[in-house]
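Report on the structure given below.
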Amino acid sequence: MFGLLFFATMENIRINTVNGRSLVIMGGDLKTVGDLIPGKGVFIITDTIVKKLYGSTFPAGEVLETEPGEKSKTLTVAGDLCRRLLETGADRSSFILGFGGGVVCDLAGLVASVYMRGVRHAFVSTTLLSQVDASIGGKTGVNLGDYKNIIGTFRQPEFVLCDHRMLSTLPAEEYRSGMGELIKHAVIRDRNLFFDIAASLDRIFERDPSTIGDFIARAVKIKAAVVRRDPLEKGIRRILNFGHTFGHVLETYYRIPHGVAVTQGMLIAAELSVWIGELPHAEFRMLEVALAETGMKSDYELPPNVVSLVSKDKKNISGSLNVVLLRSVGRAFVRNISLTELISFVEYYRESKMRSQPV
Ligand code: GLY
């Protein structure tokens with residue numbers, strides 16, 4: 001696979017913030033990772049699938065494997081990784097390399113930020129979802145039961161290496177999931193990117209590394225600009241959560257991939273934006289049609305307890321909720337809505353879905 005000619009250009013994106021500096025190496029070459037890390041004291045956190053696929057390319061270091069998937073994003077698994085680090089001799093001078101997708105990066109980042117009160121860390125990001133979002137920007141986290149990312153820290157990885165050729169081994173569903181986060185960046189901040197993605201869907205789904213690499217780099221630059229301004233999510237960074245308020249609920253309830261849930265969550269948030277009077281209906285339709293063309297539009301019903309799940313989300317602030325809405329495709333903003341507004345919208349949404357059911 002890596003013998004093929006690779007024309008994607010490499011580009012470094014720097015995220016320098018008050019809580020740390022990070023270098024995102026877009027279109028980097030997996031084989032160079034050994035040059036970026038210390039010669040000894042390296043501990044590689046990965047999952048069993050990534051190890052099987054890429055273990056032969058791992059740099060020298062102790063390898064700690066987890067089970068793949070969201071079920072590993074727990075405090076128990078994080079605690080177990082810390083115990084294994086201790087048993088295998090990791091100390092404060094050690095270096096943790098998270099080698100995997102979103103779950104591995106969230107876990108490895110959390111472990112690196114708490115083990116012995118923090119050790120150096122970096123990522124080799126192996127999925128579309130993690131190259132475009134999860135491994136970038138310093139959020140770490142695990143879930144608490146059905147509540148996503150309730151326990152976590154902000155800590156910038158020293159570098160994130162994104163070799164886009166690794167995306168060729170991703171299962172189709174995982175690739176689609178990453179597309180959701182790619183499109184999200186366009187929808188919140190860059191209308192041109194949105195139209196460019198819509199016009200290049202065939203090539204994107206062919207996984208041409210150069211094409212997808214360019215789109216990932218454009219999305220990550222959007223994210224990097226937001227994170228530089230607000231690394232700890234006190235304000236503007238909240239727009240990166242567009243689609244996540246309802247998306248997290250659908251993801252947990254139906255056990256569907258993150259980006260697929262976020263895609264439907266974006267449409268629900270866009271519908272809320274219309275309902276509140278901020279987004280013209282024509283913009284909502286344009287988004288709906290474009291997402292349908294990606295093949296990613298899903299129509300899961302809102303779970304019965306959606307209001308209580310949403311209101312327990314960590315973005316909830318005593319009795320009201322910060323939601324990310326749209327003024328147009330390419331312009332997101334944060335608005336506080338009351339629980340009463342949320343309940344009325346959920347009723348409206350359910351009724352409108354029932355009306356649009358074929359009889
Ligand atoms: N995934 C959203 C963020 O990093 O803020």
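Just follow the structure's listing: the first ligand is 1, and inside any ligand the first atom is 1.
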| said: With a 4.0 Å cut-off on N to O distance, would you call Lys52 and Glu65 a salt bridge? | reply: no
| Should Phe95 and Val33 be regarded as members of a common hydrophobic cluster, given that ILVMFWY residues are connected when their side-chain heavy atoms come within less than 4.5 Å of each other, either directly or indirectly? | yes
| query | Please, which pairs that meet salt bridge (Lys or Arg N to Asp or Glu O under 4.0 Å) have at least one residue in residues 246-258, sequence neighbours excluded? | reply | Asp146-Arg255, Lys148-Glu251
| task | Go through Asp91 and Ser93 one step at a time and tell me if the side chain to side chain donor-acceptor pair (under 3.5 Å) criterion holds. | result | CA-CA 5 Å; Asp91 62 23; Ser93 66; 2.7 Å; yes
| query | Quick one: side-chain contact (heavy atoms from CB on, under 4.5 Å) partners of Leu36, sequence neighbours excluded? | reply | Ile25, Phe159, Leu161
| task | Under the side-chain contact (heavy atoms from CB on, under 4.5 Å) rule, collect the residues that match up with Arg331, sequence neighbours excluded. | result | Arg327, Ser328
Please tabulate, line by line, the atom pairs linking an N/O of ligand 1 to a protein N/O at a distance below 3.5 Å, with the distance in Å to 0.1, or answer 'none'.
{"from": "ligand 1", "atom 1": "1 (N)", "to": "Asp133", "atom 2": "OD1", "distance (Å)": "3.2"}
{"from": "ligand 1", "atom 1": "1 (N)", "to": "Asp133", "atom 2": "OD2", "distance (Å)": "3.2"}
{"from": "ligand 1", "atom 1": "4 (O)", "to": "Lys223", "atom 2": "NZ", "distance (Å)": "2.7"}
{"from": "ligand 1", "atom 1": "4 (O)", "to": "Arg237", "atom 2": "NH2", "distance (Å)": "2.8"}
{"from": "ligand 1", "atom 1": "5 (O)", "to": "Lys139", "atom 2": "NZ", "distance (Å)": "3.0"}
{"from": "ligand 1", "atom 1": "5 (O)", "to": "Arg237", "atom 2": "NE", "distance (Å)": "2.8"}
{"from": "ligand 1", "atom 1": "5 (O)", "to": "Arg237", "atom 2": "NH2", "distance (Å)": "3.3"}

